[in-house]
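Heads up, the thing below is written out as C-alpha cells.
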Amino acid sequence: MTISPTEYFGNLSLLLDLEAEAEKQEALRERKKFSAAEAEASGNAIINLVIREEGYGLGGRFLLGLGKRNQTLPLPWTKLGVGSPIILSEENSSGENGWRGIVSAMRRDALQIALNQFVEAEADQPTFRLDRAPDEIARLRQKQALEAARSASTSRLNVLRDVLIGSVNPLFEKLEPLRPFNSNLNQAQVEAIQFALSAEDFAILHGPPGTGKTTTLIELIRQIVQRGESVLAVAPSNLAIDNLLERLVDAGAPAVRLGHPARVSPKLQQHTLDLLVENHPEVKVANQLAREAYALRDQSHKFTRAKPERGAKQAMREEAQAMLKEARQIETQITEALLNKAQVVCATLTSLDGARLNGKTFDWCVVDEASQSVEPATWIPLQFAKRLVLAGDPCQLPPTVLSPSALRGGFNISLMERLLTRNAPHKMLNVQYRMHLEIMQFSAEMFYGGNLQADETLRAARLADLPNVAESPLTATPVHFIDTAGANYDEELEPDEDSRRNPLEAELVVKKLNELIECGVAPTEIAIISPYSAQVKFLREKIKLDVEIDSVDGFQGREKMVVIVSLVRSNREGAVGFLADTRRMNVALTRAKRKLIVIGDSSTIAAHPFYEKLVKYFEAIGAYHSVWEE
C-alpha cells in the first residue's frame, strides 16, 4: 500500500521534532542536574576558562584560544572534540544566552573555538564556561528538506521522492561493460559500480566490513567524472566524508569540501571551500577589510587617555561589522565561481546550505555510510541532485536516537535500511580485505548469510607473521576470548553517569596489552574498545601509552592490527543492557585485522541468544580461555 507524501513526510517531521525536543531536554537536564564542577567531571562542559588568544581565520571567523586560568593545569577529560558544536557563556554573568560556535582545535592544556560573532564580556576579567550544544542548524535544514520533498510537484525531486517512498518503481538502463581505472577491483566491486551507473533514479551498494566500499565509491565517482557529470558526495559524519575526500585526492580526482574548516582534518583543509576562497588572489581586498574590522573592534576596547565620547565605542563596533559584511560579499562572489567549476563537491549531510550552493545542481548524489544517518538528513542533498547512490551497511550501527517515542516510530531506521526491507534492487560486496578468516567468520554467518569471504592474501595472516613480533600463544592465533565467569569481575555503575565500568576487567585488558607489547606489537597498532563510555574513560585514565581507546560507536569505520574488546557486563541477572543491539557487537568484532581479544563474562552475556552462539563459536575454533588460566 502506497502512502501519500503529506503523510510520509509529516510523520518524519514529527519524529524529527520529538528527537530535537529530547536533545534539548537532555542538555537542560545536564545543566540542571550537575553543578558546574560535576558537569565538567561528566565531560559535557569545561569551566573556569579564560581567553588566552584572539584572532581570525578559517574563512573569516572569529577565533578564541581558551585555557584554565591556572596555566599549569591541563584541560580535563571531555566529550568535546574538534568539530563539536558548543555554547560559550560568561560565568557569573547576568545574561542567559551565550555564543554558539565550533571547537576548531584542541591540545592538552588549551582549545580553540571558532565563532561567527564577537564576544563581548560583561566583567573586566571574565571567566567562561563551554558546553556541548545541540546542532540546531542541522535540525532546521532537515525540516526544510522534508518540506521541500513533500511539496515538490514538477522538479526532479518530485520524481525521486515518488520512487523512494514506493509510489513508482526505479528504472535502470543498459550500459556498455565498465573499463575501471583501478585494475585491482574484484568482480563484485565492478558489478556494483556498473549497477550504480545504470540507475536512472537510485541504487544501493551494500558494503560489509572490510569489503572495499570506499574503494568502490572512489571508482564510481571517477567514472561519473569521466562522463563529464558532477557528483555531490556526502556522509553523516566529518570523519566519513574526510576519509572519502582523502581517497579522492589520492586518486587525483579534484574535489571541493564544504563545511566549517574546523570540522575538517587539518591535512585536508586546503580543499575546503572557505580556505580556497581565502587563498584566492582576488580575496586580498576582503582580507584587508577583515583585518581592519578586527583592529577597529580591538581599538574600541582600548581608550586609555581620555573617556570616549558617548556612542563612540558602539559606532566603532558598527563600522567594524559593516566592513566585515563588505568582506563577506566579496567572498560570496568568489565562492559562487569556485562552486560552479567544481565537478566533485564533498560535505556532511547536514552542512549543506542551499543558499551557499546558490542553485547549483549535481548529476549524482553519492551517500557514504548511508545506514548511519536518520532519514530526514538524507533528504537534504536530494534537493540538489538528479540521481542517488546509497552506500553502507545496515548490519552495523544505526543512527543514534535519544527520544524513546521517536525510536518507537522508527526514527533510527535509515532510508537505506528502509529501502532494503522493501527489497529494493541492490548489490553486495562479498570479498573482505581486512580480517583473518576466523575473525570474520562469525559475523559472516550471523549478519551476511554466509556470503562473505576473506581474500586469499590474508585469510590466514597471523600477528606472529609480522616483522619484529615474537611468536607466543597470544600472537600465534587470530582470536582469543577470556571468560571471567565465576571470578567476581562485577560491573559497577559509574557515579553520576548512566554508564557502566568493570575495574577488574580493565586490569585484565592492561595485562593483555602489556603482553602484546612485550611480544613486539607497536602500541599504535593496538586499539581497545568497549560499548560503555565509563569503561572507555576508566581505561584512558589507566593507560598512558599511545594506544587508541574508544567506544564501539567511535571506532566504527576504523581498523587496527589488534583490537581488545571489553564487554563490561557481569551480573547475576544476565542483564546485557544495550549489548542487546547486536549490530554494535558486529562492529566490535570486525575492527581487528590479525588479532581479536574479547573479554567478558559468559554467565552474563550468554543469557542472550546471540552471545550464546558467540561463546560457542569461540569454543569451536579453540579461542575460548578461562580467566583462571591467567
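Every heavy atom of this structure was used, including side-chain atoms; hydrogens, water molecules and symmetry mates were not. Owing to the predicted nature of the structure, the values given are computational and were not obtained by experimental measurement.
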Practice prompt. Mind jotting down which residue pairs meet the side-chain hydrogen bond (donor to acceptor under 3.5 Å, both in side chains) criterion with at least one end in residues 170-185? Sequence neighbours excluded, please.
Written response: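 Residue pairs with at least one partner in residues 170-185: there are none.
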State, with a plain yes or no, whether a side-chain heavy atom of [X] is found less than 4.5 Å away from one of [Y].
X: Q194; Y: L175; answer: yes
X: V231; Y: Q343; answer: no
X: I526; Y: M561; answer: no
X: M435; Y: R459; answer: no
X: V562; Y: E525; answer: no
X: R462; Y: P478; answer: no
X: V479; Y: I439; answer: yes

Worksheet entry | Whether W379 and Y8 hold their rings parallel, tilted or perpendicular, with breakpoints at 30° and 60° |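 Geometry flag for Y8 against W379: perpendicular rings.
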Practice prompt. Please work out whether the ring planes of F195 and F172 are parallel, tilted or perpendicular, with thresholds of 30° and 60°.
Written response: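 Because their plane-to-plane angle is under 30°, the rings of F195 and F172 count as parallel.
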Does the pair [X]/[Y] count as a salt bridge with the N-to-O cut at 4.0 Å?
X: R139; Y: E23; result: no
X: R257; Y: D274; result: no
X: R247; Y: D250; result: no
X: R583; Y: E417; result: yes
X: D353; Y: R141; result: yes
X: K267; Y: E246; result: yes
X: E548; Y: R558; result: yes
X: E619; Y: K616; result: no

Consider only side-chain N and O atoms of [X] and [Y], and report whether a donor and an acceptor are under 3.5 Å apart.
X: D363; Y: S230; answer: yes
X: N586; Y: S443; answer: yes
X: Q383; Y: Q144; answer: yes
X: T524; Y: K560; answer: no
X: R408; Y: S405; answer: yes
X: K143; Y: S13; answer: yes

Fill in: Between F442 and Y617, ring centroids under 6.0 Å
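Between Y617 and F442, which both carry aromatic rings, the centre distance is below 6.0 Å.
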Practice prompt. Evaluate whether atom CG of L171 has more than 12 neighbouring non-hydrogen atoms of other residues, nucleotides or ligands under 6.0 angstrom away.
Written response: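 Yes, the 6.0 Å shell around CG holds more than 12 heavy atoms from other groups.
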Which heavy atom of [X] sits nearest to which heavy atom of [Y], and what is that distance?
X: L352; Y: I380; value: CB-CG2, 3.8 Å
X: Q189; Y: T211; value: NE2-O, 3.3 Å
X: W364; Y: I224; value: CD1-CG2, 3.4 Å

Practice prompt. Answer yes or no on whether R591 is positioned over the face of F555, meaning its NZ or CZ is under 6.0 Å from the six-membered ring centre and within 45° of the axis.
Written response: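 No, R591 does not lie over the aromatic ring of F555.
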Worksheet item: Of all residues at least two apart in sequence or in a different chain, which pass the side-chain hydrogen bond (donor to acceptor under 3.5 Å, both in side chains) check with N412?
Response: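 Testing N412 for side-chain hydrogen bond (donor to acceptor under 3.5 Å, both in side chains), a comparison that skips the adjacent residues, returns none.
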Worksheet item: With sequence neighbours excluded, what pairs up with Q223 under the side-chain hydrogen bond (donor to acceptor under 3.5 Å, both in side chains) test?
Response: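 Once residues adjacent in sequence are excluded, the partners of Q223 under the side-chain hydrogen bond (donor to acceptor under 3.5 Å, both in side chains) criterion are E219.
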Practice prompt. Apply side-chain contact (heavy atoms from CB on, under 4.5 Å) to the pair K593 and L458, showing each step before the final yes or no.
Written response: CA-CA 9 Å; K593 293 181 180 181; L458 53 72; over 6 Å; no
